[in-house]
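As the structure is a computational prediction, the values presented were derived from the model and not from experiment.
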Amino acid sequence: MFHYLNEFNTYLSRLVLSFCLLMPLIALAGTQPMPLADVSGEQITLAHLLGTETPLTLIGEDAQTSFTLPIAQLVRVLSINLTLALVPSAGLNNDSWLMVRINGLTVGQINLVTARLQGNAISLAIPVAVLKPGYNKVQLFAAQHSPTVCAPALSPELFTQVNTENSFFTLSTTPINPDLTLAQLGELFDPSSEATQAEVPVFVSNPNGALQATTLAYAAQGVARRFNYLPVNFSVLPLAKAAQPAVTQAKLRPTAALLIGNYTELTPYLAGLNLSDTQTPRLIVRRFDAAPARYLVILVANTIADQQQLALRFALTELPLPAVHSLNLDSLAVYGLPIPTPQRQNNEFQFRDLGIKSATLSGVDAPALDFQVWNAGWKQKAQVRLHLAYAAGMSKQSALNVWINDVQQGSIPLNLPQGGEYADFAVTLPTTLLTAGWNKIRLQPVLIPISNGGECKHFFPGNLSVSVFDDSKFIWMGNGSEEYTRDLVIFSGFNSMKWVSDWLEGLNIHLSGNNADLLSAAMTLTGKLSQVAHSPLIQLNVGTTLPKNDWPTILISTLDALNTENKQRFGLSPGQVLSRLQNNTPGDIAPLSWDAKPKLTTWVESNSAFDLTHTTLAAVAEDTMQPAYLFAASTPATLQTGMARAVGFGVWSQLTGTLAYWPYDGKPVVSIGRTQEPFRNYGLQRGLSIWVTQNPWYGLLIVLMAGTLTALVMRWGLTIYRRRRHEKNET
């Protein structure tokens, strides 16, 4: 018996070990959001607008889809054409048409049979009068019919496929260059652009000095928060280059530059403003005559302290600025901090808090209701609780399907012929489908009319509708920020940093040297942090020398500048790096083949092909000391370029584990370290239950194994008891 128990324990140990080794692979199996494709010139592809290169297929008699077309605030559209690469079904008749609407107005109709016979892309000239600055709603409606007299309404031959890569808008625009005021900075730092990233130059008298570092960090927030979630890349440049045409001027798009300095340094850029007082700190916006389509946002003050206060007020976008071109610091003074945007990362909130209004979705091919939720936690589970009503006259197959990140998670039946209502229908979204950062949730109705007796009798689609109300809720469930050890995913929402009255208590950003590229990286990082935190970071220390405090610290450094203590603290000593690379899963080791020839830095003394020459990395200090995070690269220029890529769409939310690295040539982010450790990082009460719900088969296997082991132990105990009792009776 002891022999069998020993073998069983050995088998159980191996099984548990294999299970633990498989957990990171299971965690890595989830899909990551893809960054948007770049747009060149004035051509905007549908793949860019939809965020996917997958062809779009319109199926059924009444198929439709919608998306938004952004138009920048400071341009006038001279002409716009829509080119659609269509592949209509050969089973459509001449009564099949595709209708294009923009902002509710019909702008063009395409006969689908003609489009199929021509076999090439169809171009539509769109009236510019239907467009507006900002986001324009574009709808494609396909009315598709079969030549068969009694064809079923849901025939498979009723389809038209749209190639999203070869379909595009062609815009001809010209800058309008209005005389903007400070109240219109939102039009200048405009998120409604087809660009995947904003480029903002920052001109200072000494780009390699750290005295203005905190000022630059505040100014970066003032720009980034006006851009909302559009990533912003900052470049710190010498003041002498301010008059040189920028690269973005080639597109003839209005661009903005920040100028920060004192009155003496900025004298050439203040000419013509008739400023009699050259002592008062001022915030100024003006057009720059020396560079067409260029605006200057000037922060001018004679002392570093005044420049910092000026930049802080610029960062507080909750406090509106007046419609003037120049304002002094006395007028910009803050008396009591504004109330920040409510934190929405935890607990529950209603759809109306996301800006979603009650909507009725109608038709055989009813449009979906899409929205996004920002996940600032680490492996959180969530629920959607829906309040909806649906009309009478639909078949029992009708349903409202719930999708999370393009994976169907739940289906709500709409199966009562007389119609009905759900006041609080819950669909649970497991942690395996939720990613850090943005998560896309789609409510897709499938509305099927009741059959009226045969294919030759038309369906009545008038009652095919379901309404989703804005008091529906999204709920985060368990696994709060206190329940996990430090992870790079903190940068998706600051969930584990200390907040005081809805404000981040404080943050240190330590630069390893006085360098323009390191300052640029710090500005890009700070701007992104303020975007994901939904509020400005009002307590900042940025520079090469920082005061002592217990605030979290982010170190921005080159690899050679790291001392031995920091290498050890962040797990970057040669032995630790090799250990991580050799002991992680094959998915983590695969990127080592990027470079066939080893290119080793002075501190990675090994035969590994782990090339850090063109790679940026982020790491977490796992000790119990002051919270610390590191962004590093081989050179300051590499770090600046890598930081600009990291803050882009999709990449930011992929920072996980204790070490992540990415090259700036487009290869994916690679995380090394823990990705999922349920028994270590979860509290036992909620964490174990969450782990069991997302891994039910493993949970059942463990329960069966534990039950079997208990039964064997009890049987062994009873056998020993009976043997001893029998021996006692014989004596």
Mind listing the closest non-hydrogen atom pair of Ile304 and Thr215 along with its distance?
O-OG1, 4.1 Å
So, taking the atom named CG in Leu546 and the one named OG1 in Thr553, what distance separates them when rounded to the nearest 0.5 Å?
6.5 Å
Straight-line distance of Met643 CE to Thr616 OG1, nearest 0.5 Å
7.5 Å
Any side-chain heavy-atom pair from Leu617 and Leu659 closer than 4.5 angstrom?
yes
OG1 of Thr524 to CZ of Arg645: how many Å apart, nearest 0.5 Å?
14.5 Å
Does the pair Phe570 and Tyr629 meet the rule for a ring-ring contact (aromatic ring centres under 6.0 Å, His included), with working shown?
CA-CA 8 Å; Phe570 289 104; Tyr629 308 88; 8.3 Å; no
Taking the side chain as everything from C-beta on, heavy atoms only, tell me whether Ile556 gets closer than 4.5 Å to Leu639.
yes
Any sub-3.5 Å donor-acceptor pair from Gln568's side-chain atoms to Glu565's backbone N or O?
no
Between Asn549 and Asn541, is a side chain to side chain contact (heavy atoms under 4.5 Å, CB included) present by the stated rule, with each step listed?
CA-CA 10 Å; Asn549 56 46; Asn541 291 317; 3.4 Å; yes
Within the distance-only criterion (no hydrogens, no angle test), does the side chain of Gln640 pair as donor or acceptor with the backbone N or O of Ala637 below 3.5 angstrom?
no
Crowded around Arg287 CZ? As in, over 12 foreign heavy atoms under 6.0 Å?
yes
May I ask you to test the Phe234-Val200 pair for a side-chain heavy-atom distance under 4.5 Å?
yes
Polar side chain donor-acceptor pair, Asn302 to Asn262, under 3.5 angstrom:
no
Set out, in order, the CA-CA distance, both residues' side-chain angles and the distance that settles side chain to side chain contact (heavy atoms under 4.5 Å, CB included) for Tyr135 and Leu69, then state yes or no.
CA-CA 6 Å; Tyr135 295 98; Leu69 171 67; over 6 Å; no
If the threshold is 4.0 Å, N to carboxylate O, is there a salt bridge linking Glu187 and Arg226?
no
Looking only at heavy atoms, which two atoms of Ala72 and Asp190 are closest? And how far apart?
CA-OD2, 3.3 Å
So how far is it from His510 NE2 to Asn566 CG, rounded to the nearest 0.5 Å?
8.5 Å
Could you measure the distance from the CG atom of Asp517 to the OG1 atom of Thr638? Nearest 0.5 Å is fine.
9.0 Å
Heavy-atom nearest pair, Asn439 first then Leu434, reads OD1-CA, 3.3 Å
Any donor and acceptor pair, going by atom type alone, linking the side chain of Gln197 with main-chain N or O of Val232 inside 3.5 Å?
no
So Arg76 and Thr174, side-chain hydrogen bond (donor to acceptor under 3.5 Å, both in side chains) or not? Walk me through it.
CA-CA 5 Å; Arg76 178 182 294 111; Thr174 183; 5.8 Å; no
Under a 4.5 Å cut-off applied to non-hydrogen side-chain atoms, are Pro238 and Val204 in contact?
no
Backbone N/O of Leu537 and side chain of Gln221: donor-acceptor pair under 3.5 Å
yes
When you measure from the side chain of Ser530 to the backbone of Gly527, do you find a donor-acceptor pair of N or O atoms at a distance under 3.5 Å?
yes
Atom pair CD/OG of Gln212 and Ser205 - distance to nearest 0.5 Å:
5.5 Å
Leu559 versus Ala632, closest heavy-atom pair with distance:
CD2-CB, 3.9 Å
Could you check whether atom CG of Asp277 has more than 12 heavy atoms from other residues, nucleotides or ligands sitting under 6.0 Å from it?
yes
For Ala219 and Ile260, which heavy atoms make the closest approach, and how far apart are they?
CB-CD1, 4.1 Å
Mind checking side chain to side chain contact (heavy atoms under 4.5 Å, CB included) for Asn514 and listing every partner two or more places apart, or none if nothing turns up?
Ala210, Thr544
Side chain to side chain contact (heavy atoms under 4.5 Å, CB included) partners of Ile284, counting only residues at least two apart
Leu270, Leu273, Leu275, Arg282, Ile298, Val300, Ser326
Walk me through whether Trp652 and Val532 qualify under side chain to side chain contact (heavy atoms under 4.5 Å, CB included).
CA-CA 10 Å; Trp652 187 255; Val532 300; 3.8 Å; yes
Is there a side-chain contact between Leu310 and Gln308 in this structure, where contact means two heavy atoms from C-beta onward sitting under 4.5 Å apart?
no
In sequence, state the C-alpha distance, the side-chain angles, and the governing distance for Ile554 and Asn508, and then conclude on side chain to side chain contact (heavy atoms under 4.5 Å, CB included).
CA-CA 6 Å; Ile554 299 174; Asn508 298 318; over 6 Å; no
Determine whether a donor-acceptor pair (N or O, by modelled atom type, separation under 3.5 Å) exists between the side chain of Asn233 and the backbone of Glu199.
no
Quick one, Leu266 and Leu239 - any side-chain contact, counting heavy atoms below 4.5 Å?
yes
Any donor-acceptor N/O pair, Gln531 side chain to Asn228 backbone, under 3.5 Å:
yes
Residues in side chain to side chain contact (heavy atoms under 4.5 Å, CB included) with Thr558, at least two apart?
Ser512, Ala561, Pro636
Can you check whether Leu316's main-chain N or O pairs, donor with acceptor, with Arg225's side chain at less than 3.5 Å?
no
Which of these passes side-chain contact (heavy atoms from CB on, under 4.5 Å) with Arg313: Leu319, Leu283, Leu299?
Leu319
Has the side chain of Asp306 got a donor or acceptor atom that lies under 3.5 Å from a matching backbone atom of Pro281?
no
Locate the shortest heavy-atom distance separating Val297 from Phe189; write the atom from each residue and the value.
CG2-CZ, 3.9 Å
Counting C-beta onward and ignoring hydrogens, is there a side-chain heavy-atom pair between Ser520 and Asn515 closer than 4.5 Å?
no
N/O donor-acceptor pair under 3.5 Å between Tyr218 side chain and Pro536 backbone
no
Test item: Phe203 and Ser235 side chains (from C-beta on) under 4.5 Å apart, heavy atoms
no
